[in-house]
Amino acid sequence: MMNTLNLSKTCIPTLWSIQFADRIIALAALLLFFPLISCIYLYLKVMNKTKLERVYIHGTDNLVGLYQFPYQGWTHQLPVIINIIKGDIGLLGDEVHFSFEPKPVLFCRPGLVSISSMQRRIGIDFEDSLPSLRKAYSSLWNYLLALVRVTINSALTSNKTSQAERISLFGLSLHNATMNGMLNLIVSKAKTPAKSLTQFAFVNADCLNKAYTDSQYHRELNNCEAIFADGIGARIACRWLGVGLKANLNGTDMPGRDRTLLKKLNYSAMP
């Protein structure tokens with residue numbers, strides 16, 4: 001019989017082993033950062049300032065008060081370790097929604113990090129995060145793997161996106177668009193009669209490296225109607241330039257979406 005803690009009838013059950021692992025990791029983090037937390041706390045006390053404050057978020061049933069220091073900076077959220085030890089939130093869970101926001105439908109307890117935020121960072125927020133969340137909570141091993149994956153993603157990517165329509169990378173002009181923006185562009189070209197084939201390209205890190213060394217391939221790409229960035233490698237390269245991609249536009253994500261859109265407009269797509 002599975003030993004679980006049901007937080008809500010609509011929530012994914014949380015295994016006791018996952019909660020135990022969260023507390024062990026949080027306790028280790030508390031021991032690691034305890035000197036720093038103590039110094040900050042004593043400084044605020046000596047300066048006669050508010051030592052801790054609570055920011056309220058939506059929990060699965062009630063509001064949850066997260067502890068934090070009353071200033072901005074990478075250390076101001078260190079006291080949230082206490083909330084993890086108490087079991088208020090998990091290391092990995094549903095996305096955090098503050099109390100002043102409309103109450104969302106939470107599929108599991110809130111987490112310090114979430115799969116949906118990871119998908120937004122890598123530009124695939126159009127995909128449903130629930131199946132991945134269910135898989136992560138199916139066993140302790142899957143949970144730890146998902147936690148590591150989301151943590152590495154957070155370190156390598158950024159929430160910032162650029163509003164620029166074009167991004168120049170290795171001499172290629174990348175079209176910076178959302179999934180819907182890309183589909184609308186393709187459909188608009190399909191509706192416009194053309195004497196020759198209209199080409200679109202999806203480039204990943206390997207394609208970018210090849211274009212850098214192969215001048216003919218480079219010219220062929222730039223002759224396309226639009227070049228879309230595909231994959232974490234292209235996203236990281238754009239981040240190094242100080243710009244963020246709006247979405248990860250992978251051709252394999254298109255078939256169901258573009259065929260649905262084309263069907264509504266009485267157009268057809270090749271299988």
Contact between [X] and [Y] at the side-chain level, heavy atoms closer than 4.5 Å - yes or no?
X	Y	value
L44	P70	yes
L208	L172	yes
L174	V203	yes
I18	L92	no

Point to revise | Joint cluster assignment, I89 & F100, ILVMFWY side-chain distance < 4.5 Å | key: yes
Point to revise | Over 12 foreign heavy atoms within 6.0 Å of CZ, F200 | key: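 Correct, the count exceeds 12.
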Review point. Under 6.0 Å from the CG atom of N48, do we count more than 12 heavy atoms belonging to anything else shown?
Key: no
Check your understanding: Partners of Q199 by side-chain contact (heavy atoms from CB on, under 4.5 Å), sequence neighbours excluded?
Key ->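 Scan of Q199 (side-chain contact (heavy atoms from CB on, under 4.5 Å), adjacent residues dropped) gives L197, C224.
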Point to revise | I24: partners by side-chain contact (heavy atoms from CB on, under 4.5 Å), with sequence neighbours left out | key: F20
Hydrophobic cluster partners of [X] (side-chain heavy atoms under 4.5 Å):
X	value
V46	none
W141	L145
F34	none

How would you list all residue pairs meeting salt bridge (Lys or Arg N to Asp or Glu O under 4.0 Å) that involve [range], not counting sequence neighbours?
range	result
residues 139-151	none
residues 35-49	none
residues 15-37	D22-R109

Check your understanding: side-chain hydrogen bond (donor to acceptor under 3.5 Å, both in side chains) with T50: which residues, sequence neighbours excluded?
Key -> none
Point to revise | Partner set under side-chain hydrogen bond (donor to acceptor under 3.5 Å, both in side chains) for S114, not counting sequence neighbours | key: S116, S117
Point to revise | Check against side-chain contact (heavy atoms from CB on, under 4.5 Å), L15 and Y137 | key: CA-CA 7 Å; L15 298 172; Y137 269 72; over 6 Å; no
Could you go through residues 74-87 and list every donor-acceptor pair under 3.5 Å that involves a side-chain atom there, pairing it with any protein atom two or more places apart or in another chain?
from: T75; atom 1: OG1; to: Y71; atom 2: OH; distance (Å): 2.6
from: H76; atom 1: ND1; to: G73; atom 2: O; distance (Å): 2.5
from: N83; atom 1: OD1; to: Y67; atom 2: N; distance (Å): 2.9
from: N83; atom 1: ND2; to: G65; atom 2: O; distance (Å): 2.9
from: N83; atom 1: ND2; to: D88; atom 2: OD2; distance (Å): 3.0

Exercise for review: Please list all pairs passing the side chain to side chain donor-acceptor pair (under 3.5 Å) test where one or both residues lie in residues 202-214, with sequence neighbours left out.
Suggested key: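 The answer is none; no pair qualifies.
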Point to revise | Positive for side chain to side chain contact (heavy atoms under 4.5 Å, CB included) with L147, one of V113, N142, I115 | key: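 Result: among V113, N142, I115, V113 is the only option passing the side chain to side chain contact (heavy atoms under 4.5 Å, CB included) with L147.
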